Q: 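Below are the structure tokens for one structure; questions will follow.
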Amino acid sequence: MGSSDRLFNRQRTVHQILGGGLVADVMLWRQKNLTVGILLVTLAAWVVFELSGYTLLSLVSSVFLLLVSILFLWAKSAAILNRPAPPLPNLYLSEEIVNEVAAFIQTRTNTLLQVSQDIALGKDSRMFFKVAAFLWLISVVGGLTDFLTLGYISLVIVLTVPALYERYEDYIDRYVMMGYRKLQLLYMKLDEECISKVQKWILEKRKLS
């Protein structure tokens, strides 16, 4: 298949798109033991949360409380007994790391704000429908499950969907592109019959006012 028949006209492989490193290997089951281990550990954690009644916040707080208490008592007893202090790494954020994180957040935030402004002003009808559908989907999913279960399901999806797509990408790309072209025709028809008429009606109202 040519690049025009691929999703997003891509020329790179799925492994290259995912970075080509360890993360890509895990997601595409090229490190099967590690991938299975992650799934089993997260499954065990999810079962523990569900059976114990703990929430993520309460468990994290309890673990940190236990860790801080152990380190505090260790340090105090080491000072009394003339023993070495707990071997902690140097906890320090360099100015370079902070600047990189700040620049990343600024770029993504400005992009989000620009898209939001275009949607609010009616400049991008296609993006409006995409965002509306995405928010509606989040609302439906959020009403059906809790955050922990959603997180585990998302991890399972991340560790299965890319691998399945890589295995059957020729078939998936073919049918998705067919569906995408049909949706384009449907959108053009909807835009011609409804959206353009509404926009013309709004412009006429503004001219009259």
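Quantities reported herein were computed from a predicted structural model and do not represent experimental measurements. Positions are given from 1 along the sequence.
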Q: Taking all atoms of both residues into account, what is the closest heavy-atom pair of A78 and P84, and its distance?
A: CB-O, 3.4 Å
Q: Rounded at 0.5 Å granularity, tell me how far CZ in R108 sits from CG in L113.
A: 13.5 Å
Q: How far apart are the closest heavy atoms of T160 and V156, and which atoms are they?
A: OG1-O, 2.6 Å
Q: Let me check something: do I172 and Y180 share a hydrophobic cluster, defined by ILVMFWY side-chain heavy atoms less than 4.5 Å apart, either directly or through other members?
A: no
Q: Where do A163 and M27 come nearest, in terms of heavy atoms and distance?
A: CB-O, 3.8 Å
Q: May I have the step-by-step check of salt bridge (Lys or Arg N to Asp or Glu O under 4.0 Å) for R174 and E169, ending in yes or no?
A: CA-CA 8 Å; R174 184 180 300 115; E169 60 179 321; over 6 Å; no
Q: Given the rule that I, L, V, M, F, W and Y join up when any side-chain heavy atoms are under 4.5 Å apart, are V26 and L40 in one cluster?
A: yes
Q: Is F72 reachable from L67 through a run of hydrophobic residues whose side-chain heavy atoms are each under 4.5 Å from the next?
A: no
Q: How are the rings of Y152 and W46 set to each other: parallel, tilted or perpendicular (split at 30° and 60°)?
A: parallel
Q: For a 4.5 angstrom cut-off between non-hydrogen side-chain atoms, does L28 reach L18?
A: yes
Q: In the single-linkage hydrophobic clustering (I, L, V, M, F, W, Y; side-chain heavy atoms under 4.5 Å), do Y187 and L183 co-cluster?
A: no
Q: What's the separation between atom CD in Q106 and atom CG in N99, rounded to the nearest 0.5 Å?
A: 11.0 Å
Q: Do other residues, nucleotides or ligands put more than 12 heavy atoms under 6.0 Å from N110 CG?
A: yes
Q: Has Q184 got more than 12 heavy atoms of other residues, nucleotides or ligands less than 6.0 Å from its CD?
A: yes
Q: Within a strict 4.5 Å, meaning less than it, do heavy atoms of the S154 and L150 side chains meet?
A: yes
Q: Can you check whether E166 reaches R30 side chain to side chain, under 4.5 Å on heavy atoms?
A: yes
Q: Would you confirm whether W29, through its side chain, and L159, through its main-chain N or O, come within 3.5 Å as a donor-acceptor pair?
A: yes
Q: Using modelled atom types only, decide if a donor and an acceptor are shared between the side chain of T107 and the backbone of A103 within a distance under 3.5 Å.
A: yes
Q: Treat each ILVMFWY residue as a node, draw an edge where side-chain heavy atoms are under 4.5 Å apart, and state whether I153 and Y165 are in one component.
A: no
Q: Sub-3.5 Å donor-acceptor pair from the side chain of S77 to the main-chain atoms of W74, do we have one?
A: yes
Q: Is there a side-chain contact between L155 and I38 (heavy atoms, below 4.5 Å)?
A: yes
Q: Can you measure from CD1 (I70) to CG (L66) and round to the nearest 0.5 angstrom?
A: 4.0 Å
Q: Would you name the heavy atoms of P162 and V14 that are closest together and state the gap between them?
A: O-CG1, 4.5 Å
Q: Is it true that a side-chain atom of E100 and a backbone atom of I97 form a donor plus acceptor pair closer than 3.5 Å?
A: no
